[in-house]
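Encoded as structure tokens, the structure appears first; notes follow it.
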2 protein chains.
Amino acid sequence: MADVAREAGVSGQTVSRVANGRSNVDEGTRSRVLDAMRKVGYHPNNAARALRLGRFGNIGVIMFTLSSFGNMRTLDSIAMAASDHNYSLTLIPVRRPSQKDVTRAFARLHRQAVDGVIIVIETALIDTAEVHWPAGLPVVVIDAGADLPHPIVDTDQSEGARLATEHLLDQGHSTVWHVSGPANSYSATRRRQSWSDTLRHHGRSVPAPVDGDWTSDSGYRAGLVLAENSDVTAVFTANDQMALGVLRALHERGRAVPGQVSVVGFDDMSESKNFWPPLTTVRQNFEGVGRRSVEMLLHGIRHGTSTPANVLVPTHLVRRESTAPPAS
Amino acid sequence: MADVAREAGVSGQTVSRVANGRSNVDEGTRSRVLDAMRKVGYHPNNAARALRLGRFGNIGVIMFTLSSFGNMRTLDSIAMAASDHNYSLTLIPVRRPSQKDVTRAFARLHRQAVDGVIIVIETALIDTAEVHWPAGLPVVVIDAGADLPHPIVDTDQSEGARLATEHLLDQGHSTVWHVSGPANSYSATRRRQSWSDTLRHHGRSVPAPVDGDWTSDSGYRAGLVLAENSDVTAVFTANDQMALGVLRALHERGRAVPGQVSVVGFDDMSESKNFWPPLTTVRQNFEGVGRRSVEMLLHGIRHGTSTPANVLVPTHLVRRESTAPPAS
DNA sequence: CACCAAAATGTTGACGTAAACATTCTGGTG
DNA sequence: CACCAGAATGTTTACGTCAACATTTTGGTG
């Protein structure tokens, strides 16, 4: 900056004013300074600016593997929302959901220049009591259990699972089977709970759920089990990827979809429309989750206090061709 | 920091030494300082540290939509590799691949605290001559055309397309049809070029490719076209998502896969194994691409100069059940 | 042309850290 | 016990920026 000032024959302060687009600078001086900037190859140093201002214009995101469809969509929408508010994103990946790794991620976040944190973690995986939460840093949590001292934004898992289950019941199926996500995931637990609640509420029997782990492979294995059981006419799968595996298993075993077995997924990933058959599923509003969480975080950043709050983003059912009334 | 120093009755410099884990600090003093840190709620200020050191420990990543499977996997592997080298990642999303948006992303990157940049952009979309490349900042480009003044890391698109095409020819198909990615994507162009080169090299006729845009929807539309043509016995699809759409179209039109039509994809996304039928496809080593690009960038950061270089990461064919010899 | 308000520009200092150098303490040696 | 090397700790300073305040310039008024 000093070089620019010398080159343009002005003071550093004037350079600063030009760099920040202040109005009270003479047109001639401004262009002279801009020329000097170009000539010297000057770019404002963000570290110094952040040091001076005490703000970074940067949001940290802590996330496990990005390889899950939902996480990725969420990240995408967070990135867009942050960019709309002129914030950038620092991504802190956590390899395994262990206590140690999460604590390390927080530590790293502190060393990083960050104004607030969005945590996308299936927090059931860690003992929230043990985690050393970043102190004095606004935090918003996505996809978490309750009783955290932070605002939480999440898809309305219960509503979604209810919609899926009731859709199948409406079609005339006597009950609905379930392929669940991993037991240590909050959203999986919520979906499973709501599925069984809905069945009970309608006075139906609740079959034992088949455990999956979100992957299409686990869906395939679950599908093989379900295909053996001729009682099964309707399956609610806790995500679309597992639904894909279920579909494959049913095809392999010659069980017609939706002729003999109806399948409903959860997520509405962009591919689901082109599954065979096109998948009826519960659409999550990932964009809404990302946007809301960024807004809440920015509120926390600006107003210091982040009052715990709970935002549930609604879902809706997308009817396609993988569901039909049971064969009579 | 001053508070901690006062609290512990030492100088700021000693606090700094403790914070950085230097060895030449008395055990008693160290623990006294650590206690004081905890009490005061001290955390090192990264802006100040960066200002002092001139480094940030942070890599910028410029990317278009994350909603594509490949981009996501690449980002994931970059994140892991960066984290292994103790760097974090700042994500700069670019909404549309326009000149203006890209330039703005670069500008923002400069304002951000970043030691180097990895650009994951189908650069054919922008006029590289017009872009104001970040000056004095190491850059590595993924998935780009040649003739850039920066190191490039990419999957060996040509090899992959050749493997796919030759696999189908080896099965006995007289020629191979192609569903291509969008014309303005380098990788799509490479795959298409290599597919036609391979056919020509084997003396086969080269059918007109059907244009897609990477989405499964576009694959479905392409599949409907191909299904009408009874000459079609083998299709090479430029990615797995479009292959999914092709499969759906073929099923809808009653064309058996692989009985009447064989299909090969590209990417090997984790779901492809559970398509119906399980998809034969070309596996990209996304992990390798991410790792190599981070390594090259760090080299550039450490040694100042980033000599243009070209790294091609090999692919290999994964044979599953969507391909078979043509019905005789 | 003296005067003044407003605009333009300059000066000073502080943000939190760590390197370089200076000083003090420790324990062992002759 | 004087002396010394090495360890532990302290002091000073600069990193690049911008807010606050000080000063100079500009252009318009009576």
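Source: prediction; values computed, not measured. Order of the sequence lines sets the chain letters (A, B, ...), proteins ahead of strands, with each chain counted from 1. Note: hydrogens, waters and symmetry copies are ignored here, and every other heavy atom, side chains too, is used.
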Nearest whole angstrom, please: distance from the C1' of dT17(D) to the CG of Asn45(B). 14 Å
Between CG of Asp267(B) and CZ of Arg73(B), what distance do you get to the nearest 0.5 Å? 9.0 Å
Is any side-chain heavy atom of Ile142(A) closer than 4.5 Å to one of Ile78(A)? yes
Here the distance between atom P of dT17(C) and atom CG of Asn20(B), to the nearest Å, is 10 Å
The nucleotide from dA19(D), dA18(C), dT9(D) with an atom nearest the side chain of Val25(B) is dT9(D)
Could you give the CG-to-P distance, from Leu51(B) to dT13(D), as a whole number of Å? 18 Å
Need one value for Asp26(A): base, sugar-phosphate or nothing, where a base atom within 4.0 Å counts as base even if backbone is also close, heavy atoms only. sugar-phosphate
Arg49(A) has an atom CZ; how far is it from atom P of dT17(C), in whole Å? 21 Å
Look at Arg6(A) together with Asp3(A) and state whether they make a salt bridge at an N to O cut-off of under 4.0 Å. yes
How about CZ on Arg292(B), more than 12 heavy atoms from neighbouring residues, nucleotides or ligands closer than 6.0 Å, or not? no
By the 4.0 Å heavy-atom rule, please label Thr14(B) as base, sugar-phosphate, or nothing. sugar-phosphate
Using the closest heavy atom to pick a nucleotide of DNA chain D for each, name whichever of Gly12(B) or Ala19(A) lands nearer the 5' end. Gly12(B)
Using whole Å, what does the distance between atom P of nucleotide dC21(D) and atom CD of Gln13(A) come to? 13 Å
Hey, is the side chain of Arg52(B) pairing donor to acceptor with the base of dG16(D) inside 3.5 Å? no
Minimum heavy-atom distance Ala309(B)-Met296(B), with the two atoms named: CB-CE, 3.9 Å
Let's see if you can work this out: which of dT17(C), dT9(C), dA18(C) has an atom nearest to the side-chain heavy atoms of Arg17(A)? dT9(C)
I need the CZ-P distance between Arg22(B) and dG10(D), as an integer number of Å. 16 Å
I need the CG-P distance between Asn24(A) and dT9(C), as an integer number of Å. 9 Å
How many Å lie between CG on Asp3(A) and C1' on dT17(D), as a whole number? 15 Å
OP1 or OP2 of dA8(D) less than 4.0 angstrom from a side-chain nitrogen or oxygen of Thr29(B), does that happen here? no
Heavy atoms under 4.0 Å, any strand shown: does Arg30(A) hit a base, just sugar-phosphate, or nothing? nothing
